[in-house]
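Worksheet: one structure, shown below.
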Amino acid sequence: MYILHHTPDSAALIVRLVLEELGLPYQIAPIDRDGGALDTAAYRKLQPLGKIPALQTPDATMFETAAILLHLAEIAGKLAPAPNTPQRGPFLSWLFFTSNNLHPVAMQYYYPHRVAGVENADAVKAQAAATLQELMATLENMVALDAPDWLSTTPSVLGYYIAVLMRWLSEPCPSASYPSLHKILAALEVTPAARACAQAEALGDAIFTHPY
Ligand SMILES: N[C@@H](CCC(=O)N[C@@H](CS)C(=O)NCC(=O)O)C(=O)O
């Protein structure tokens, strides 16, 4: 049994989509974020920075979204290219592109005051939006040119990761502006896994292409 420490519509959703897609048994452990649960010693034992998500697996506790996705794909042998295949290298590069660039800059866009104080929040947010648009265009060009299997209309760990980030970033980066990515989002939001998560978290009918 997996235990996913979770708040709705957070990075825990990315992990939940993959657990659903793989049919792995899991329980949701709700995090009382408003009650300060992220700062408790008990939660910091699971996630040392007090971020969401954390996943207790049958073997260990894990944090960092990309690490969890990679681990789940490896144990299931699905949703990512296998080690020692030609696609593995590019897949890893774009997985880390996502976790090291898109995800942190998305957090700057949502919490701009954390970067340089409330007085500079507008400027930080504008800069984050411009960076996100550049990153998204880079990703769109790669998908349009390379058409990789591991980021396509077929479910994959990276597809779900990008889809959730694009859900959050629909204002600075509307998916309609990125046709190749939009096609992927439209396919992934109708999978049984996405429908189950959408229903569980009350996220709406078109969770990736028309998020809010
Ligand atoms: N690098 C971490 C980032 C996780 C992260 O930023 N999670 C957000 C939710 S999407 C969070 O915990 N936000 C609460 C906060 O920063 O106070 C990962 O990939 O898991």
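Counting starts at 1 for both ligands and their atoms, following the listed order. Residue numbers start at 1 and run along the sequence shown. The basis for the numbers below is simple: all heavy atoms, side chains too, and nothing from hydrogens, waters or symmetry mates.
- One N or O on the side chain of Glu189 and one on the backbone of Phe208 form a donor-acceptor pair closer than 3.5 Å.
- Every N/O-N/O distance between Trp168 and ligand 1 stays at or above 3.5 Å.
- Contact annotation for Met62 and ligand 1: no heavy atom of the residue comes within less than 4.0 Å of the ligand.
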- Test His103 against Tyr161 for ring-ring contact (aromatic ring centres under 6.0 Å, His included), laying out the working first. CA-CA 9 Å; His103 198 158; Tyr161 197 173; 5.6 Å; yes
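- The distance from ligand 1 to the heavy atoms of Pro53 drops below 4.0 Å at these ligand atoms: 20 (O).
- Atom 14 (C) of ligand 1 has its nearest heavy-atom neighbour, among Arg33, His103, Glu64, in Arg33.
- Of all the listed residues (Thr65, Thr7, Leu49, Ile31), Thr65 holds the heavy atom that lies closest to atom 19 (O) of ligand 1.
- Looking at Ser10 next to ligand 1, no N or O pair under 3.5 Å apart turns up.
- Contact of the Pro81 side chain with the Asp149 side chain is not registered, since no non-hydrogen atoms from C-beta on lie closer than 4.5 Å.
- Using a 4.0 angstrom heavy-atom cutoff, Gln47 does not count as in contact with ligand 1.
- Remark: Arg167 does not engage Glu201 in a salt bridge, criterion side-chain N to carboxylate O under 4.0 Å.
- Regarding atom 12 (O) of ligand 1, its nearest protein heavy-atom neighbour is Ile52 N, 2.8 Å.
- Other residues, nucleotides and ligands contribute only 12 or fewer heavy atoms inside 6.0 Å of the CZ atom of Phe96.
- Asp39 and Arg33 are not joined by a salt bridge, as no carboxylate oxygen comes within less than 4.0 angstrom of a charged side-chain nitrogen.
- Checked against Val18 for a side chain to side chain contact (heavy atoms under 4.5 Å, CB included), the options Ile68, Leu72, Thr65 give a single hit: Leu72.
- Contact analysis leaves Phe63 out of contact with ligand 1, as no non-hydrogen atom separation drops below 4.0 angstrom.
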